[in-house]
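In this chain, residues are counted from 1 in sequence order.
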Amino acid sequence: MTKTIVVKIGTSSLTQPETGQLALSTIATLAETLCYLRQQGHRVILVSSGAVGVGCARLGLTERPKAIALKQAVAAVGQGRLMRVYDDLFTTLQQPIAQVLLTRSDLVQRSRYLNVYNTFQELLGLGVIPVVNENDTVAVDELKFGDNDTLSALVASLVQADWLFLLTDVDRLYSADPRCVPDAQPIALVSSIKELAQLQVQTGSQGSQWGTGGMVTKISAARIAIAAGVRTVIAQGRFPRNIEKILQGEPLGTHFQPQPEPTSARKRWIAYGLVPAGKLYLDPGAIAAIAQAGKSLLAAGIKAVEGEFDTQAAVQLCDSSGNEIARGLVNYSSEELQKIRGCHSREIPTILGYVGAETVVHRDNLVLT
Ligand SMILES: Nc1ncnc2c1ncn2[C@@H]1O[C@H](COP(=O)(O)OP(=O)(O)O)[C@@H](O)[C@H]1O
Ligand SMILES: N[C@@H](CCC(=O)OP(=O)(O)O)C(=O)O
């Protein structure tokens with residue numbers, strides 16, 4: 001049966017750790033594997049990092065640049081080289097590919113989000129393998145995916161993929177970073193988001209020398225993807241053929257089982273496409289109402305408002321410690337919410353001088369995170 005498969009490969013797998021030069025045999029095997037999947041009739045998307053790493057190698061830089069303008073310039077050098085290599089390999093295998101460079105803002109605006117969706121559908125319908133990366137050269141800090149793990153999960157969610165493979169330089173997720181904790185325990189299966197929280201995996205904050213985000217971003221990417229119904233696997237990038245083995249049922253890597261009832265496409269856009277513009281701190285009663293009873297958020301349950309935003313902005317709904325419980329689109333601006341927070345809905349017309357919505361976030365616009 002045709003499956004939609006998103007494969008993300010990180011810089012640490014695409015380049016030689018010692019020199020930063022391209023790991024050509026890995027990339028060639030990856031190309032062969034993805035072509036094999038296409039021949040099996042699957043729809044395939046590759047999310048490839050490496051623009052900054054390859055750009056550094058091309059320019060003789062020995063460290064990942066920290067200054068934003070330099071990083072953006074280096075990415076512009078590396079992205080072209082990377083695509084050249086991919087196109088040579090895939091063309092040899094008679095497989096057309098496409099370059100898709102995205103920024104966060106492409107997913108924020110609903111019309112652009114739908115446009116990106118349509119473009120992916122057309123490319124996949126044409127039998128093309130889209131090669132996706134963040135458009136590092138133009139991305140601004142406030143509107144960035146920041147790492148390709150998140151980007152790949154958002155792409156997998158957008159196209160409603162069946163599988164997301166996060167290929168990296170370790171063979172799976174461990175209870176702690178195996179580089180620092182030699183007796184860290186391998187984790188084969190994570191069966192729910194709740195189980196993931198209970199496992200209390202230690203990730204450290206750092207990835208490998210050239211990678212961005214380490215395991216933290218892979219775990220949060222897995223969370224986004226499984227909520228969208230996408231089975232996610234963290235696996236070793238040096239052996240791309242393992243993807244075929246995993247699809248045939250071999251127990252390799254760490255599997256994250258998808259949520260049985262995926263969140264709807266619109267709610268996924270609210271939760272992960274939009275960038276939250278503020279925070280609403282809720283009292284325990286409001287948290288129980290939205291999280292357990294599936295109700296809308298009313299002004300009475302809001303204790304504090306953070307940030308400045310207009311009506312219809314996306315905001316985070318948090319407990320008193322600031323832990324996010326849900327996201328939603330607000331029916332009032334931050335200025336209005338400062339006046340009506342803690343009040344009963346029937347008082348709103350008197351306080352604001354007009355009749356507004358009864359709810360602050362309607363349950364149709366609210367998604368638990
Ligand atoms: N709990 C953990 N299990 C496995 N690897 C971990 C863990 N915590 C941190 N890591 C580190 O994450 C690194 C992979 O992240 P990163 O360098 O960003 O890879 P990539 O370039 O593939 O995105 C591994 O090399 C490993 O040292
Ligand atoms: N967009 C950046 C990649 C950022 C990133 O997430 O890198 P990695 O952790 O290696 O997957 C690049 O192409 O260099």
Side-chain angles (χ1 to χ4, degrees), residues 3 5-20 22-34 36-37 44 46-50 53 147-153 156 161-193 195-196 198-226 230-258:
K3 301 275 182 217
I5 301 167
V6 177
V7 177
K8 182 262 167 176
I9 187 150
T11 313
S12 58
S13 308
L14 290 170
T15 53
Q16 321 265 8
E18 312 77 33
T19 59
L22 282 173
L24 285 175
S25 58
T26 303
I27 302 177
T29 314
L30 177 69
E32 284 173 353
T33 303
L34 301 189
Y36 170 80
L37 297 179
V44 179
L46 173 62
V47 177
S48 175
S49 302
D147 67 88
N148 278 356
D149 300 318
T150 308
L151 172 61
S152 66
D162 299 285
W163 290 85
L164 168 64
F165 288 92
L166 298 170
L167 302 184
T168 183
D169 63 348
V170 276
D171 63 343
R172 52 171 49 132
L173 177 68
Y174 286 78
S175 54
D177 187 346
R179 284 177 203 278
C180 318
V181 184
D183 60 353
Q185 294 304 305
I187 298 170
L189 176 69
V190 178
S191 50
S192 65
I193 294 176
E195 189 186 321
L196 185 58
Q198 286 162 354
L199 283 171
Q200 296 195 326
V201 172
Q202 289 168 28
T203 51
S205 57
Q206 284 299 308
S208 55
Q209 188 196 350
W210 292 100
T212 311
M215 247 335 123
V216 183
T217 52
K218 285 174 204 9
I219 291 174
S220 66
R223 191 174 287 138
I224 294 174
I226 59 177
V230 183
R231 176 174 282 271
T232 303
V233 183
I234 295 177
Q236 175 65 261
R238 295 272 171 212
F239 309 114
R241 289 221 183 278
N242 283 352
I243 295 175
E244 294 164 33
K245 295 183 184 167
I246 291 168
L247 289 171
Q248 282 156 11
E250 275 195 43
L252 295 161
T254 300
H255 289 237
F256 296 79
Q257 214 156 286

*Should H255 and I246 be marked as a side chain to side chain contact (heavy atoms under 4.5 Å, CB included) after you check the CA-CA gap, both sets of side-chain angles, and the distance that decides it?*
CA-CA 10 Å; H255 289 237; I246 291 168; 3.6 Å; yes
Drop me the distance from [X]'s [atom1] to [Y]'s [atom2], to the nearest 0.5 angstrom.
X    : Y    : atom1 : atom2 : value
K8   : F165 : NZ    : CZ    : 14.5 Å
T203 : L173 : OG1   : CG    : 9.0 Å
L24  : T15  : CG    : OG1   : 11.0 Å
D171 : R238 : CG    : CZ    : 13.5 Å
L196 : Q257 : CG    : CD    : 13.0 Å
N148 : T217 : CG    : OG1   : 9.5 Å

Where is the tightest heavy-atom contact between [X] and [Y], given as atom of each residue plus distance?
X    : Y    : value
G237 : L167 : CA-CB, 3.7 Å
R172 : I187 : CD-O, 3.7 Å
W163 : V230 : C-CG1, 3.6 Å
S48  : L14  : OG-CD1, 3.4 Å

*Is the backbone of L189 close enough, under 3.5 Å, to the side chain of S191 for a donor and an acceptor to pair up by distance?*
no
*Give a yes or no answer on whether the side chain of D147 reaches the backbone of T150 with a donor-acceptor pair at less than 3.5 Å.*
yes
*Identify the residue among V233, V6, I224 that makes a side chain to side chain contact (heavy atoms under 4.5 Å, CB included) with L164.*
V6
*Sole candidate of L37, N242, D162 that passes side chain to side chain contact (heavy atoms under 4.5 Å, CB included) when paired with L247*: L37
*Does the side chain of D169 come under 3.5 Å of the side chain of S13 through a donor N or O and an acceptor N or O?*
no
*Tell me, please, which residues at least two apart from T254 pass side-chain hydrogen bond (donor to acceptor under 3.5 Å, both in side chains).*
none
*Please list all pairs passing the salt bridge (Lys or Arg N to Asp or Glu O under 4.0 Å) test where one or both residues lie in residues 23-32, with sequence neighbours left out.*
E32-R241
[X]: side chain to side chain contact (heavy atoms under 4.5 Å, CB included) partners, not counting sequence neighbours:
X    : value
A221 : D149, A153, L166
A184 : Y174, S175, A176, V181
E250 : K245, L252
T168 : S12, V170, M215, K218, I234

_Neighbour count >12 (heavy atoms, 6.0 Å) for atom CD, Q200_ = no
*asked:* With heavy-atom distances below 4.5 Å as the criterion, would you say the side chains of Y36 and E244 are in contact?
replied: yes
_Measuring only between side-chain heavy atoms, which start at C-beta, is T232 closer than 4.5 Å to V190?_
no
